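In this text, all values refer to a predicted model and were calculated from it rather than measured experimentally.
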Amino acid sequence: MRRMISVLLGCLGIALLAVIIGVSTEAATLINGAGATFPFPLYSKWFSEFQKVHNEVQINYQSIGSGGGIRQFTAHTIDFGATDIPMTAEQLAKSPTPIIHIPTVVGAVVLTYHLPGIPTGLKLSSEVLADLFLGKIKTWNDPRITQMNPGMTFPTDPVTIVRRSDGSGTTAIFTDYLSKVSKDWKTRVGTGTAVNWPTGLGGKGNEGVAGLIQQTPGAIGYTELVFAKINHLSIAAIKNSSDEFILPDLLSVTRAAASVTQSMPSDYRISITDPKLKGAYPISAFTYLLVHNSMTQNKGEKIITFLHWAIAEGQEYAQKLFYAPLPSEMVKKVNRTIEMIRLTPEENV
Amino acid sequence: MFSFSPRPKSRKETHLGDFIFASLLRLISLGLALMLVVIAFFLLRGAFASVSRFEWSFITDSTWDPVQEVFGSAPVLFGTLVSSSIAVLIAAPLSIGIAVFLNELAPPKIGKAIGFLIEMLAAIPSVVYGLWGIFVLAPWLRTTVEPFLSKNLGWIPLFTGPYYGVGMLAAGLILSIMIIPTIFTISREIFKTIPTTQREAALALGATRWEMIKISVLKSSKSGIGGAVILGLGRALGETMAVTMVIGNRSEINLSLLAPAQTMASVIANEYAEATSDIHLSALIEIGFLLFIVTFLINAFARIFILRESRR
C-alpha cells in the first residue's frame, strides 16, 4: 500500500514537472479577444485550426456579447474585438485610436415557427412579418397569410410572437430589417440589440427562443440560421425586394452580401438587410472583427496573419458550420484593408 | 435563536492570543459591513447618469425602450415583488408544514430521509430549475392548469387574458420550489432546539397533539420562522436564471398571473452584455441599485416586525 502511494506521488511529481517545463518553454504569443456570441462556434474552430498551423500563437476568445466586446476593445483591455453590428460613429469617435472593421463571414436571421402540419417553407412577405411582430395579425388563419400560402391548412391558433429577451446582435439584424421594410415599425419600435417589443414572449438566447416555440403551438420567432439548421427547425421563406420568396441558405445569404459590392464603404460598415438583388435572402448581416489600425510588431504580425488566413482558408470552415462565406470580390478588398494595418516597433515596457 | 454568554466584565484574564483573535474577527466583520457600503457606492456611481437624467420617473415610468433611451423600471419592480410574493405565499406554509410534520409527527427515520431529500433541492443549480421549468412545468401549466384557471376563475383579474405556460405564475411556482429548502431547513433546526420538556408540559396540561404543536412549538419559534421566511424571500428576490427562463420577459404591468412579466434581476441578466449606449448601461446599474435597496428595505422591515412580534 505504502509503495503504491509513493509510486503515485512520484508519477504526480513527474507530471507536475512536465507541466512546469512545458509552460516555461512554450513562448507562444498570447492574443486576447472578446465579443460577439453569434460567430463563436466558428471562431473557436478557426482559432484551434489556426493554432495547428501556427503554434507560436495562442488566441483566447471570450464570447461576452458584441456590446461587451466593443467596450473592452475601446478600453484597450483586449487585442481584438468582435461584433455583429458595426460600431456607430459615436462609438468610433470615443475610441482613442482609430479602429478597423474586418468583415469575416455573413450570418442570417431566420424565422422559425411551430405550426402543426406546416413544414419548412411557410411564405411570408415583409409587410405580413412586420404586422405579425407589431401584434396586428393575431391569428394564423388571417387572410393575408392564407392567400400567400395556397394549399396549406392553417390552425386557428392565436399567433404567439417569441423573441430574444437578452440583448443580441441577432435582434439588431432582425429589427434593422423590419425598420427598413415597415415605416410603422421604424417609428414605433426602431432598431437595436434590445428594443421595446410591442408583443410576445422573450426567451433567453437562441435556445430559449427555440424552446418556447417548440412548447407553444402557433408560435413564431427568429433565431440564427446556424442554430435553426443544426436543430432542424421549420424555416420560413421571406419575400425579398425582387418579389421572390427566398429560403435562407449559404448561397442566398452570400448573394445578399454581394448586393452591396458596388456601394461598399471603405470601412465596411454597411447593412445588407433588404438587399436589392435577385436571389438574395433579405435578413442577413456581416459579422466583424475589430482591430486597431496600428499595432505593436510582435502581436500585430500575428493578428494580420490570422486575419488573412480567416478570410482565405477560414472560409471553408465557415460553410461547414452554416456561416455564409464572403463574396469573392470582397475578399480581395478586405485583404488590401488588412495590409494597410501599420506595425509599430515594440514598446519597452 | 442563538444565545451568547455575557462578556466577562474583568479583562484581566485576556491573553494576547485572545486579543489578536478578537481583533481579527472584529476586522473581518467590519470589513463585511464596509463591503456593503462600497457596493452601494459603486452601484450609485455607475447609475449616476441614469439617476440624474430620469430622477423619480425611473421608478414610476413603465416604458423600457433602449432604442428611444427611455427607461422606467416600474414593470420590473412590480415583477420582482409579485413573483417573490407568490413564491413566499406558497413556500412558507408548505415548508413550515413539512418541518412540523417531519420533526413532530413522522417517525425519525422517515423524517431524516425526507429532510435530506428536501435539502438536496437547494443543491440543484438554478439553470436546471429553469430548464425543468421550460420543458416540464410550463407545458403542464399551459395544457392543464391555466385552461382550468382561465375557464373557472377567469372573472377574477388575476386569471384573465391569454395564457402561454410561461409567465408570472410559472416564475412564482419555480421560485417557491427553490426557496422551500431554505425555509424548511431553518424552521426544522429551530423546532429541534425546543426542549422536549416544553412539549411534555403542554401534553400534561391536557393539550391535544395539535394544541401542543401550536402552543409549545410554533408559538415559541415565531421569530425564528419569520427569519427563515425572510431568508427565503431574499433568495426569491435575487434569483435570476430560472426566473428569466420561465417568466416570458415582457416589460409591462399586468395584474393577471397568466401574463408574461419581467423581474429586476432578469432584465439585468438579459441586457447587460449587449447594452451599447452609456445611458442604457447606467439604467441597468440603477436597476441593480434599486434591487439592492428593495432587498435591504424588505429585510429591515421584516426584522423590525419580527422583533416586535417576539417581544409581545
Side-chain angles (χ1 to χ4, degrees), chain A residues 34-37 63-71 83-85 87-88 90-91 94 138 158 160-172 175 179 186-205 207-212 214-219, chain B residues 62-72 75 127 130-143 161-167 170 240-252 259-263 266-278 280-281 283-284:
Chain A
T37 46
S63 57
I64 56 171
S66 301
I70 291 175
R71 273 204 298 282
T83 178
D84 296 331
I85 2 149
M87 289 173 70
T88 60
E90 192 188 343
Q91 285 170 335
K94 266 188 204 155
K138 291 189 161 59
T160 304
I161 297 297
V162 183
R163 28 74 179 184
R164 292 282 288 268
S165 64
D166 49 334
S168 151
T170 314
T171 302
T175 51
S179 294
K186 195 175 178 182
T187 50
R188 276 182 59 189
V189 186
T191 308
T193 51
V195 300
N196 186 15
W197 294 94
T199 177
L201 302 174
K204 189 161 164 54
E207 56 287 350
V209 169
L212 280 177
Q214 193 193 327
Q215 301 297 333
T216 320
Chain B
S62 57
T63 312
W64 183 267
D65 191 337
V67 180
Q68 306 294 331
E69 300 193 338
V70 177
F71 297 102
V127 66
L131 284 175
W132 178 79
I134 286 187
F135 292 110
V136 182
L137 180 68
W140 178 66
L141 285 177
R142 185 174 51 76
T143 53
Y163 47 86
Y164 308 96
V166 296
T240 312
M241 198 58 203
V243 173
T244 308
M245 288 165 86
V246 298
I247 200 165
N249 299 299
R250 191 192 288 175
S251 216
E252 65 182 28
Q262 195 161 28
T263 67
S266 67
V267 74
I268 298 174
N270 272 327
E271 293 181 10
Y272 191 81
E274 290 287 342
T276 38
S277 73
D278 290 340
H280 189 184
L281 209 62
L284 289 172

_Interchain contact, T160(A) with chain B, by part (heavy-atom threshold 4.5 Å)_ = side chain

*With chain B, which of T191(A), T83(A), I85(A) has the greatest number of heavy-atom pairs at distances under 4.5 Å?*
T191(A)

*Evaluate the side-chain proximity of L281(B) to R71(A): yes if any heavy-atom separation is below 4.5 Å, no if none is.*
yes

_Measuring from atom NZ of K204(A) to atom CD1 of I247(B), what distance do you get when rounded to the nearest 0.5 angstrom?_
14.0 Å

*Tell me, out of G192(A), G68(A), G69(A), A194(A), who's got the most heavy-atom pairs with chain B below 4.5 Å.*
A194(A)

*Check the pair T171(A), E274(B) against side chain to side chain contact (heavy atoms under 4.5 Å, CB included), reporting the backbone distance first and the verdict last.*
CA-CA 11 Å; T171(A) 302; E274(B) 290 287 342; over 6 Å; no

*Closest heavy-atom pair and its distance - P66(B), N196(A)*: CD-N, 4.2 Å

*Region of E207(A) in contact with chain B, defined by heavy-atom distances below 4.5 Å*: neither

*Can you say whether Q214(A) sits under 4.5 Å from chain B via the side chain, the backbone, both, or neither, judging by heavy atoms?*
side chain

*Per-residue contact mode, V162(A) against chain B (heavy atom under 4.5 angstrom)*: neither

_My understanding is that only one of T193(A), V189(A), V195(A) makes a side-chain contact (heavy atoms from CB on, under 4.5 Å) with V67(B); could you say which?_
V195(A)

_Between L131(B) and chain A, with a heavy-atom cut-off of 4.5 Å, which part of the residue counts as in contact: side chain, backbone, both or neither?_
neither

*asked:* Given heavy-atom pairs under 4.5 angstrom as the criterion, report whether the side chain, backbone, both or neither of R164(A) touches chain B.
replied: neither

_Structural part of S277(B) lying under 4.5 Å from a heavy atom of chain A_ = neither

*For chain A, which of M245(B), R142(B), E271(B), Q68(B) has the most heavy-atom pairs under 4.5 Å?*
R142(B)

*asked:* Using a 6.0 Å cut-off, check whether atom OH of Y272(B) has over 12 heavy atoms from anything other than its own residue.
replied: no

_chain B interface, residue from S165(A), P158(A), G67(A) that has the most non-hydrogen pairs under 4.5 Å_ = S165(A)

*Which of the residues G200(A), G211(A), G190(A) is involved in the greatest number of heavy-atom pairs with chain B at under 4.5 angstrom?*
G200(A)

*With a 4.5 angstrom heavy-atom cut-off, which part of T199(A) approaches chain B: side chain, backbone, both or neither?*
both

